[in-house]
Asks: 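Input: one structure, supplied below.
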There are 2 protein chains.
Amino acid sequence: MEKDLKKLFTEKGLKMTIQRVAILEYLMKTKTHPSADMIYEHISKKYPTITLSTVYNTLETLVNKGIIKKIPTFAGISRYDADLEPHVHLVMGDDKNVKIKDIYDKEIIQQIRTEVANKFNLDVDDNNIYLIIEEKRQQ
Amino acid sequence: MEKDLKKLFTEKGLKMTIQRVAILEYLMKTKTHPSADMIYEHISKKYPTITLSTVYNTLETLVNKGIIKKIPTFAGISRYDADLEPHVHLVMGDDKNVKIKDIYDKEIIQQIRTEVANKFNLDVDDNNIYLIIEEKRQQ
DNA sequence: TTTGTAAATTAAAAACATTCTATTTTACTA
DNA sequence: TAGTAAAATAGAATGTTTTTAATTTACAAA
Ligand SMILES: [Mn+2]
Ligand SMILES: [Mn+2]
Ligand SMILES: [Zn+2]
Ligand SMILES: [Zn+2]
């Protein structure tokens, strides 16, 4: 399906490079919502000359073009997702161990959206809702 | 009400210092959910010798003792809140302009909690729920 | 009230993810 | 195939937060 990617990149006005293909294909195959560094660790095994800068630049570009999504976490380390189907991310865990679950349930998404929209007069799009839950702290 | 603070600090096994009182009183008076730096900027006008390290250390201590809450944001800059009444934080805006709104509405909180609990078998406590919403990006 | 000591503050350095800058390399167009 | 704009690279810089090591302070005990 390299041809599909070529079309996608061209449509978005992007050149198709080895690095971009590797990053996007990895993101499309995985369900783990990896961080920039996780992506770098994976990709650099096959392409040892790639740099972390390139991974960051590429991810930023893909996010800006709407090809992937950036998932913020309370740990301050962003995660990435190539699944564009509307779903909510439940971000859990602590700084050292972030866990992300997908919520595809339409009812829940709609409920949250309606509540937010009604209370705050916000036009919120599914992709931009994050429900972040911290683990309990000891007092 | 300096006496109340003395009691609070003693109960928690903390020494009462000028810095801790200044930080906690500021947090208790404001409704703005300030960052460490915002707190530092405010406090250092009255106590010019305080350092940002002390602000961070103090906030960490107060959070660990359950005296205040730490609010994560997608901007990677944490905010702080001395309001312990159960409420959900709606974090909006972009990196340069984070806006935080409080949701006290019991029904919404209960709804979100129930949904999360049912779907994921999680015992979630009101204080630890964050609904984070990013502003739409241009494609 | 004074003294002793552990706890807290301070200044500075380090850590960490991320962004930026300047140079080299590459993809695509003509 | 050559020319050029875009992208990749290496490394420095940034901004928030944490850590370290030295100094100062709060407060319990005498
Ligand atoms: Mn790594
Ligand atoms: Mn400042
Ligand atoms: Zn996802
Ligand atoms: Zn609040």
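Hydrogens, waters and symmetry mates are skipped; everything else that's a heavy atom, side chains included, is used. Just so it is clear, the model here is predicted, and its values are computed rather than measured.
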Asks: With sequence neighbours left out, write down each residue that passes side-chain hydrogen bond (donor to acceptor under 3.5 Å, both in side chains) with A:Thr32, or none if nothing qualifies.
Replies: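 By the side-chain hydrogen bond (donor to acceptor under 3.5 Å, both in side chains) rule, A:Thr32 matches A:Thr30.
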Asks: Between C:dT10, D:dA7, C:dT18, spot the one nearest the side chain of A:Ala36, thanks.
Replies: C:dT18
Asks: Please name all residues satisfying ring pair (Phe, Tyr, Trp, His ring centres under 6.0 Å) with B:Tyr26, sequence neighbours left out, ordered by chain then number.
Replies: B:His42
Asks: Keeping to residues at least two apart or across chains, list the side chain to side chain donor-acceptor pair (under 3.5 Å) pairs with something in residues 45-54 of chain A.
Replies: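 Checked against side chain to side chain donor-acceptor pair (under 3.5 Å) - neighbours excluded - the pairs reaching residues 45-54 of chain A are A:Thr51-A:Thr54.
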Asks: What is the distance, to the nearest angstrom, from the CZ atom on B:Arg79 to the P atom on D:dT16?
Replies: 11 Å
Asks: Per the ring pair (Phe, Tyr, Trp, His ring centres under 6.0 Å) rule, what does the pair list look like for residues 49-73 of chain A, sequence neighbours excluded?
Replies: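 Sorted pair list comes back empty.
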Asks: Just how far, in rounded Å, is P of D:dA7 from NZ of A:Lys65?
Replies: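 Result: 9 Å.
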Asks: Keeping B:Lys70 on the side-chain end and B:Glu60 on the backbone end, is there a donor-acceptor pair under 3.5 Å?
Replies: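 A pair under 3.5 Å: no.
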Asks: Quick one: side-chain hydrogen bond (donor to acceptor under 3.5 Å, both in side chains) partners of A:Ser44, sequence neighbours excluded?
Replies: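 If we apply the side-chain hydrogen bond (donor to acceptor under 3.5 Å, both in side chains) test to A:Ser44, skipping adjacent residues, there are no hits.
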Asks: By the 4.0 Å heavy-atom rule, please label A:Ser35 as base, sugar-phosphate, or nothing.
Replies: nothing
Asks: Mind checking what makes side chain to side chain contact (heavy atoms under 4.5 Å, CB included) contact with B:Thr17, not counting sequence neighbours?
Replies: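 In terms of side chain to side chain contact (heavy atoms under 4.5 Å, CB included), with neighbours along the sequence ignored, B:Thr17 is linked to B:Gln19, B:Arg20.
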Asks: Rounded off to whole Å, could you give me the CD1-to-P distance for the B:Ile77 and D:dT17 pair?
Replies: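 After rounding, the reported distance stands at 6 Å.
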Asks: Please list, chain by chain and in numerical order, all residues satisfying side chain to side chain contact (heavy atoms under 4.5 Å, CB included) with A:Thr10, sequence neighbours excluded.
Replies: A:Lys6
Asks: Would you tabulate the pairs of protein nitrogen or oxygen atoms and nucleotide nitrogen or oxygen atoms of nucleotides 11-13 of chain D closer than 3.5 angstrom?
Replies:
unit_1	atom_1	unit_2	atom_2	d
D:dG11	O6	A:Ser53	OG	2.5

Asks: Counting only side-chain heavy atoms from C-beta out, which of D:dT9, C:dA17, C:dT19 sits nearest to A:Lys70?
Replies: C:dT19
Asks: Quick one: label B:Thr49 by what it contacts on the DNA or RNA (base, sugar-phosphate, nothing), any heavy atom closer than 4.0 Å.
Replies: sugar-phosphate
Asks: Whole angstroms only, please: what is the CG-P distance between B:Asn64 and C:dA8?
Replies: 12 Å
Asks: Would you please test A:Ile50 and A:Ile18 for side-chain contact (heavy atoms from CB on, under 4.5 Å) and show each step?
Replies: CA-CA 10 Å; A:Ile50 199 172; A:Ile18 291 161; over 6 Å; no
Asks: Which letter, B, S or -, goes with each nucleotide of nucleotides 23-30 of chain C from 5' to 3', with contact meaning a protein heavy atom under 4.0 Å?
Replies: ----BS--
